[in-house]
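Report on the following structure.
Letters A, B, ... are given to chains in the order of the sequence lines, protein chains preceding strands, and every chain is numbered from 1.
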Amino acid sequence: MKIATWNVNSLKVRQQHVMDWLQQSQVDVLCLQELKLPNEKFPCAEFEAAGFKCWFAGQKTYNGVGILVRKGIAVDETNIVRNIPGFEDPQQRVIAATVEDMRIVSAYFPNGQAVGSEKFAYKMRWLDALHDWLGAEMKIHPKLALLGDYNIAPDDRDVHDPKAWEGQNLVSPEERAHFVRLVELGLTDAFRQFEQPEKLFTWWDYRMLAFRRNAGLRIDHILLSAELAAKCSACEVDKVPRKWEQPSDHAPVVATIG
DNA sequence: ATGGCTAACGCGGTTAGA
(Lines give C-alpha, C1' and ligand atoms only; values in the text may rest on other atoms or scores of the structure.)
Protein backbone atom coordinates (compact mmCIF):
# COMPACT_ATOMS: atom_id res chain seq x y z
CA MET A 1 0.00 0.00 0.00
CA LYS A 2 1.43 3.36 -1.07
CA ILE A 3 0.17 6.46 0.72
CA ALA A 4 1.12 9.99 -0.28
CA THR A 5 0.66 13.69 0.40
CA TRP A 6 0.78 16.64 -1.98
CA ASN A 7 0.05 20.32 -1.54
CA VAL A 8 -1.21 21.11 -5.05
CA ASN A 9 -1.68 24.90 -4.63
CA SER A 10 -5.05 24.99 -6.45
CA LEU A 11 -6.61 21.74 -7.62
CA LYS A 12 -8.23 23.65 -10.47
CA VAL A 13 -4.83 24.54 -11.92
CA ARG A 14 -3.17 21.23 -10.97
CA GLN A 15 -5.93 18.75 -11.82
CA GLN A 16 -4.08 17.30 -14.81
CA HIS A 17 -0.83 17.09 -12.83
CA VAL A 18 -2.62 15.08 -10.14
CA MET A 19 -4.14 12.80 -12.78
CA ASP A 20 -0.77 12.24 -14.45
CA TRP A 21 0.99 11.66 -11.14
CA LEU A 22 -1.62 9.17 -9.90
CA GLN A 23 -0.99 7.22 -13.09
CA GLN A 24 2.82 7.30 -12.79
CA SER A 25 3.23 6.88 -9.05
CA GLN A 26 0.68 4.11 -8.62
CA VAL A 27 -0.19 5.39 -5.15
CA ASP A 28 -3.26 3.95 -3.45
CA VAL A 29 -4.07 6.85 -1.14
CA LEU A 30 -3.34 10.51 -1.93
CA CYS A 31 -3.87 13.28 0.60
CA LEU A 32 -4.26 16.70 -1.01
CA GLN A 33 -3.89 20.17 0.46
CA GLU A 34 -4.60 23.71 -0.72
CA LEU A 35 -7.44 22.73 -3.01
CA LYS A 36 -8.49 26.40 -3.15
CA LEU A 37 -11.95 25.52 -4.39
CA PRO A 38 -15.44 25.06 -2.91
CA ASN A 39 -16.85 21.54 -2.59
CA GLU A 40 -19.14 21.95 -5.61
CA LYS A 41 -16.07 22.56 -7.81
CA PHE A 42 -14.16 19.44 -6.68
CA PRO A 43 -13.54 17.35 -9.84
CA CYS A 44 -14.97 14.17 -8.33
CA ALA A 45 -16.26 12.64 -11.56
CA GLU A 46 -12.84 12.96 -13.20
CA PHE A 47 -11.08 11.17 -10.33
CA GLU A 48 -13.83 8.55 -10.23
CA ALA A 49 -13.24 7.92 -13.92
CA ALA A 50 -9.53 7.55 -13.17
CA GLY A 51 -10.35 4.89 -10.58
CA PHE A 52 -10.37 6.87 -7.32
CA LYS A 53 -12.98 7.74 -4.75
CA CYS A 54 -12.73 11.17 -3.12
CA TRP A 55 -13.51 12.80 0.19
CA PHE A 56 -12.84 16.47 0.72
CA ALA A 57 -13.41 19.58 2.78
CA GLY A 58 -13.11 22.59 0.52
CA GLN A 59 -13.80 26.29 0.63
CA LYS A 60 -13.63 29.16 -1.83
CA THR A 61 -10.18 30.66 -2.56
CA TYR A 62 -8.14 29.29 0.35
CA ASN A 63 -7.16 26.07 2.13
CA GLY A 64 -9.13 22.90 1.44
CA VAL A 65 -8.04 19.27 1.93
CA GLY A 66 -8.97 15.94 0.42
CA ILE A 67 -8.26 12.21 0.34
CA LEU A 68 -8.30 10.12 -2.83
CA VAL A 69 -8.48 6.34 -2.42
CA ARG A 70 -8.07 3.78 -5.19
CA LYS A 71 -11.33 1.93 -5.87
CA GLY A 72 -11.41 -1.55 -4.35
CA ILE A 73 -9.78 -0.38 -1.11
CA ALA A 74 -12.27 -0.33 1.75
CA VAL A 75 -13.16 3.06 3.23
CA ASP A 76 -15.45 3.41 6.24
CA GLU A 77 -17.95 6.04 5.09
CA THR A 78 -19.42 6.40 8.57
CA ASN A 79 -16.50 8.07 10.33
CA ILE A 80 -15.17 10.72 7.99
CA VAL A 81 -14.10 13.70 10.11
CA ARG A 82 -13.76 17.22 8.75
CA ASN A 83 -11.77 19.77 10.76
CA ILE A 84 -10.51 19.24 14.30
CA PRO A 85 -13.46 18.24 16.50
CA GLY A 86 -14.13 20.91 19.12
CA PHE A 87 -11.89 23.47 17.38
CA GLU A 88 -14.16 26.06 15.82
CA ASP A 89 -12.52 27.08 12.53
CA PRO A 90 -13.92 28.35 9.22
CA GLN A 91 -10.63 27.36 7.52
CA GLN A 92 -10.82 23.87 6.03
CA ARG A 93 -7.53 22.23 7.03
CA VAL A 94 -8.22 18.66 8.14
CA ILE A 95 -10.03 15.60 6.83
CA ALA A 96 -9.72 12.09 8.26
CA ALA A 97 -10.91 8.75 6.93
CA THR A 98 -10.49 5.10 7.84
CA VAL A 99 -8.91 3.28 4.91
CA GLU A 100 -8.84 -0.47 5.51
CA ASP A 101 -7.45 -0.61 9.07
CA MET A 102 -5.58 2.70 8.88
CA ARG A 103 -6.75 6.09 10.08
CA ILE A 104 -5.59 8.53 7.38
CA VAL A 105 -5.42 12.23 8.26
CA SER A 106 -4.84 14.83 5.54
CA ALA A 107 -3.79 18.13 7.11
CA TYR A 108 -2.88 21.59 5.92
CA PHE A 109 -1.14 23.24 8.86
CA PRO A 110 -1.41 27.05 9.08
CA ASN A 111 1.49 28.93 7.54
CA GLY A 112 1.98 31.31 10.45
CA GLN A 113 3.27 34.19 8.33
CA ALA A 114 5.80 35.52 10.88
CA VAL A 115 6.81 34.65 14.43
CA GLY A 116 4.80 36.83 16.81
CA SER A 117 2.05 37.69 14.31
CA GLU A 118 -1.67 37.04 14.84
CA LYS A 119 -1.45 34.26 12.22
CA PHE A 120 1.42 32.69 14.16
CA ALA A 121 -0.71 32.71 17.32
CA TYR A 122 -3.47 30.99 15.35
CA LYS A 123 -0.92 28.40 14.15
CA MET A 124 0.02 27.67 17.79
CA ARG A 125 -3.64 27.31 18.85
CA TRP A 126 -4.31 25.08 15.87
CA LEU A 127 -1.27 22.90 16.68
CA ASP A 128 -2.45 22.52 20.28
CA ALA A 129 -5.90 21.44 19.11
CA LEU A 130 -4.44 19.02 16.55
CA HIS A 131 -2.17 17.47 19.18
CA ASP A 132 -4.98 16.88 21.66
CA TRP A 133 -7.35 15.48 19.06
CA LEU A 134 -4.68 13.15 17.59
CA GLY A 135 -3.85 11.84 21.05
CA ALA A 136 -7.46 10.76 21.45
CA GLU A 137 -7.71 9.56 17.85
CA MET A 138 -4.67 7.28 18.23
CA LYS A 139 -6.30 5.52 21.17
CA ILE A 140 -9.27 4.63 18.95
CA HIS A 141 -7.14 4.01 15.85
CA PRO A 142 -3.70 2.59 16.74
CA LYS A 143 -2.77 2.52 13.05
CA LEU A 144 -2.74 6.22 12.25
CA ALA A 145 -0.94 8.23 9.57
CA LEU A 146 -0.76 12.03 9.61
CA LEU A 147 0.06 13.26 6.12
CA GLY A 148 0.24 16.83 4.93
CA ASP A 149 1.81 20.21 4.60
CA TYR A 150 3.01 20.83 8.15
CA ASN A 151 4.55 24.23 7.41
CA ILE A 152 7.32 23.20 9.81
CA ALA A 153 10.87 22.19 8.90
CA PRO A 154 11.65 19.97 11.90
CA ASP A 155 15.46 20.04 11.74
CA ASP A 156 18.29 22.10 10.27
CA ARG A 157 18.86 19.24 7.81
CA ASP A 158 15.45 20.18 6.40
CA VAL A 159 16.54 23.73 5.56
CA HIS A 160 18.72 24.73 2.59
CA ASP A 161 20.34 27.60 4.52
CA PRO A 162 19.82 27.09 8.27
CA LYS A 163 21.77 30.24 9.17
CA ALA A 164 19.62 32.50 7.01
CA TRP A 165 16.45 30.85 8.31
CA GLU A 166 17.37 30.69 11.99
CA GLY A 167 14.42 31.60 14.19
CA GLN A 168 12.17 32.43 11.22
CA ASN A 169 8.62 31.28 10.65
CA LEU A 170 8.53 27.58 9.60
CA VAL A 171 11.74 26.75 11.53
CA SER A 172 11.31 28.58 14.86
CA PRO A 173 11.94 26.69 18.13
CA GLU A 174 8.26 27.08 19.06
CA GLU A 175 7.11 25.39 15.86
CA ARG A 176 9.73 22.66 16.14
CA ALA A 177 8.64 21.99 19.72
CA HIS A 178 5.12 21.39 18.40
CA PHE A 179 6.50 18.92 15.85
CA VAL A 180 8.33 17.12 18.68
CA ARG A 181 5.10 16.99 20.70
CA LEU A 182 3.41 15.23 17.78
CA VAL A 183 6.30 12.76 17.62
CA GLU A 184 5.98 12.21 21.37
CA LEU A 185 2.42 10.99 20.84
CA GLY A 186 4.15 7.95 19.37
CA LEU A 187 4.50 9.07 15.75
CA THR A 188 7.55 8.54 13.54
CA ASP A 189 8.77 10.73 10.67
CA ALA A 190 8.65 8.13 7.89
CA PHE A 191 11.24 10.03 5.81
CA ARG A 192 13.88 9.81 8.54
CA GLN A 193 13.40 6.09 9.01
CA PHE A 194 15.50 5.60 5.89
CA GLU A 195 18.80 6.72 4.45
CA GLN A 196 18.08 9.85 2.42
CA PRO A 197 20.10 12.07 0.11
CA GLU A 198 21.31 15.32 1.70
CA LYS A 199 19.35 18.48 1.04
CA LEU A 200 16.18 16.82 -0.18
CA PHE A 201 13.26 19.18 0.28
CA THR A 202 9.53 19.26 -0.47
CA TRP A 203 8.95 22.97 -1.11
CA TRP A 204 10.78 25.58 -3.17
CA ASP A 205 9.73 29.22 -3.54
CA TYR A 206 8.47 30.17 -6.99
CA ARG A 207 10.78 33.19 -6.83
CA MET A 208 14.54 33.53 -7.05
CA LEU A 209 14.98 30.41 -9.18
CA ALA A 210 14.71 28.57 -5.88
CA PHE A 211 14.05 25.14 -7.36
CA ARG A 212 17.01 25.35 -9.73
CA ARG A 213 19.21 26.37 -6.79
CA ASN A 214 17.58 23.73 -4.57
CA ALA A 215 16.83 26.53 -2.09
CA GLY A 216 14.04 24.62 -0.39
CA LEU A 217 12.59 23.35 2.86
CA ARG A 218 11.25 19.96 3.93
CA ILE A 219 7.85 20.94 5.32
CA ASP A 220 5.60 18.16 3.94
CA HIS A 221 5.65 15.06 6.09
CA ILE A 222 4.23 11.62 6.76
CA LEU A 223 4.09 10.73 10.45
CA LEU A 224 3.22 7.13 11.29
CA SER A 225 2.08 5.51 14.51
CA ALA A 226 4.30 2.67 15.78
CA GLU A 227 2.31 -0.13 14.15
CA LEU A 228 2.50 1.55 10.76
CA ALA A 229 6.10 2.72 11.15
CA ALA A 230 7.09 -0.90 11.78
CA LYS A 231 5.50 -1.91 8.47
CA CYS A 232 6.85 1.04 6.46
CA SER A 233 9.42 -0.12 3.89
CA ALA A 234 10.16 3.15 2.05
CA CYS A 235 9.57 6.90 2.09
CA GLU A 236 10.47 9.13 -0.82
CA VAL A 237 10.05 12.67 -2.09
CA ASP A 238 9.16 12.78 -5.80
CA LYS A 239 10.69 15.93 -7.24
CA VAL A 240 9.60 15.15 -10.79
CA PRO A 241 6.22 16.99 -10.74
CA ARG A 242 8.01 20.13 -9.49
CA LYS A 243 9.78 20.17 -12.88
CA TRP A 244 6.58 20.04 -14.90
CA GLU A 245 5.13 23.09 -16.62
CA GLN A 246 3.21 25.40 -14.25
CA PRO A 247 3.98 23.24 -11.20
CA SER A 248 2.83 23.34 -7.60
CA ASP A 249 5.55 24.80 -5.39
CA HIS A 250 5.40 21.55 -3.34
CA ALA A 251 6.56 18.06 -4.28
CA PRO A 252 4.62 14.93 -3.26
CA VAL A 253 5.90 12.59 -0.52
CA VAL A 254 5.19 8.85 -0.68
CA ALA A 255 5.39 6.15 1.99
CA THR A 256 5.12 2.44 1.27
CA ILE A 257 3.36 0.43 3.97
CA GLY A 258 4.11 -3.27 3.82
C1' DA B 1 17.71 44.29 -0.61
C1' DT B 2 11.97 41.25 2.97
C1' DG B 3 11.67 41.74 -3.38
C1' DG B 4 11.85 38.37 -6.85
C1' DC B 5 6.51 34.24 -8.45
C1' DT B 6 1.90 32.19 -8.53
C1' DA B 7 -3.13 31.94 -7.66
C1' DA B 8 -7.79 33.86 -6.48
C1' DC B 9 -10.77 37.46 -7.24
C1' DG B 10 -12.23 40.08 -10.82
C1' DC B 11 -10.73 43.42 -14.20
C1' DG B 12 -6.73 46.60 -11.08
C1' DG B 13 -4.56 45.95 -7.46
C1' DT B 14 -4.94 43.42 -3.06
C1' DT B 15 -4.35 39.20 -0.21
C1' DA B 16 -1.89 35.10 0.73
C1' DG B 17 1.38 31.74 0.43
C1' DA B 18 6.16 29.88 2.91
Side-chain angles (χ1 to χ4, degrees), chain A residues 5-18 21 31-43 56-66 89-94 106-127 130 147-179 191 199-221 237 239 241-253:
Chain A
T5 181
W6 194 7
N7 178 324
V8 291
N9 185 20
S10 168
L11 185 56
K12 183 186 170 194
V13 175
R14 237 64 68 187
Q15 185 180 329
Q16 193 56 50
H17 281 197
V18 175
W21 191 72
C31 295
L32 298 170
Q33 300 87 36
E34 278 210 90
L35 305 177
K36 293 188 170 179
L37 44 74
N39 286 333
E40 59 270 24
K41 295 258 179 76
F42 193 98
F56 43 89
Q59 67 181 92
K60 194 180 173 184
T61 311
Y62 301 118
N63 309 310
V65 287
D89 192 355
Q91 303 186 32
Q92 301 300 308
R93 297 183 173 280
V94 170
S106 175
Y108 175 45
F109 290 39
N111 172 284
Q113 193 174 53
V115 177
S117 67
E118 180 44 51
K119 285 177 183 173
F120 190 84
Y122 163 70
K123 184 177 192 173
M124 297 300 111
R125 289 197 301 277
W126 189 94
L127 283 162
L130 179 76
L147 306 91
D149 175 1
Y150 285 53
N151 273 314
I152 300 172
D155 191 275
D156 278 354
R157 287 179 294 172
D158 305 315
V159 181
H160 68 97
D161 186 348
K163 262 218 165 96
W165 277 86
E166 191 176 0
Q168 300 292 309
N169 189 47
L170 311 183
V171 310
S172 73
E174 218 176 333
E175 291 160 90
R176 286 179 170 176
H178 273 287
F179 187 90
F191 183 81
K199 302 206 174 289
L200 179 50
F201 307 121
T202 66
W203 170 84
W204 302 262
D205 202 307
Y206 284 123
R207 299 167 292 187
M208 303 172 283
L209 306 172
F211 185 67
R212 216 162 73 183
R213 297 189 295 117
N214 196 32
L217 302 174
R218 191 176 72 94
I219 54 176
D220 300 85
H221 308 294
V237 176
K239 286 172 73 171
R242 188 63 177 78
K243 301 170 189 172
W244 291 346
E245 197 176 330
Q246 202 180 4
S248 168
D249 43 358
H250 294 254
V253 184

Check your understanding: What's the CG-P distance between Asp249(A) and dA8(B), to the nearest Å?
Key -> 12 Å

Point to revise | Phosphate contact (dA7(B) OP1 or OP2) by Ser10(A) side-chain N/O below 4.0 Å | key: no

Practice item. To the nearest 0.5 Å, tell me how far Asn7(A) CG sits from Asn151(A) CG. Key: 8.0 Å

Review point. Which value, in whole Å, describes the distance between the C1' atoms of nucleotides dA1(B) and dT15(B)?
Key: 23 Å

Check your understanding: Quick one: Tyr62(A) OH to dT14(B) P, roughly how many Å, whole number?
Key -> 14 Å

Check your understanding: How close or far is atom C1' of dA8(B) from atom CG of Leu37(A), stated in whole angstroms?
Key -> 11 Å

Practice item. Check every strand shown and say whether Asp205(A) touches a base, only sugar-phosphate, or nothing at a heavy-atom separation below 4.0 Å. Key: nothing

Review point. What closest approach, in Å, do Gln92(A) and Asp89(A) show between heavy atoms, and which atom pair accounts for it?
Key: NE2-O, 4.2 Å

Review point. dA7(B) phosphate, OP1 or OP2: any side-chain N/O from Arg14(A) under 4.0 angstrom?
Key: yes

Check your understanding: Quick one: Trp203(A) CH2 to dA16(B) C1', roughly how many Å, whole number?
Key -> 13 Å

Practice item. Check every strand shown and say whether Tyr108(A) touches a base, only sugar-phosphate, or nothing at a heavy-atom separation below 4.0 Å. Key: sugar-phosphate

Check your understanding: How long is the line joining CD of Gln15(A) and C1' of dA7(B), in whole Å?
Key -> 16 Å

Review point. Taking the side chain of Val13(A) as heavy atoms from C-beta outward, which of dC9(B), dG4(B), dA7(B) is closest to it?
Key: dA7(B)

Check your understanding: Of Met208(A) and Gln91(A), whose nearest nucleotide on DNA chain B comes first from the 5' end?
Key -> Met208(A)

Exercise for review: For dT2(B) versus dG12(B), give the span between their C1' atoms, rounded off to a whole number of Å.
Suggested key: 24 Å

**Study point:** Atom pair distance, as rounded to whole Å: CG in Asn151(A) and P in dG17(B)
**Key:** 9 Å

Practice item. Would you indicate whether Lys41(A), at its atom NZ, is surrounded by more than 12 heavy atoms from other residues, nucleotides or ligands within a distance under 6.0 Å? Key: no

Revision key, fill the gap. Tested for side-chain contact (heavy atoms from CB on, under 4.5 Å) against Trp204(A), the lone hit among Asp249(A), Asn214(A), Leu217(A) is Asn214(A)

Review point. Minimum heavy-atom separation for Val171(A) to Ala153(A), with atom names?
Key: CG1-CB, 4.0 Å

Check your understanding: Base, sugar-phosphate alone, or nothing: which one does Gln168(A) contact when heavy atoms must sit under 4.0 Å apart?
Key -> nothing

Exercise for review: Could you pick out which residue, Ala164(A) or Asp149(A), lies toward the 5' side of DNA chain B when each is mapped onto its nearest nucleotide?
Suggested key: Ala164(A)

Point to revise | Lys12(A), nearest nucleotide to its side chain (from dA8(B), dG4(B), dC9(B)) | key: dA8(B)

Review point. Leu11(A) has an atom CG; how far is it from atom P of dA8(B), in whole Å?
Key: 10 Å

Practice item. Return the value, rounded to whole Å, for the distance between atom CG of Asn9(A) and atom P of dA7(B). Key: 6 Å

Review point. Asn7(A) near the nucleic acid: base, sugar-phosphate alone, or nothing, with a heavy-atom cut-off under 4.0 Å?
Key: sugar-phosphate

Check your understanding: Looking across every strand, which nucleic acid part, if any, lies under 4.0 Å from Leu209(A) by heavy atom: base, sugar-phosphate, or nothing?
Key -> nothing

Review point. Any donor-acceptor pair under 3.5 Å linking the side chain of Arg218(A) with the backbone of Leu200(A)?
Key: no

Point to revise | Lys119(A) side-chain N/O to dG17(B) phosphate OP1/OP2 under 4.0 Å | key: yes

**Study point:** Rounded distance in Å between the C1' positions of dG10(B) and dT14(B)
**Key:** 11 Å

Study note, to complete from the structure: Of dC9(B), dT6(B), dA8(B), the nucleotide closest to the side chain of Tyr206(A) is dT6(B)

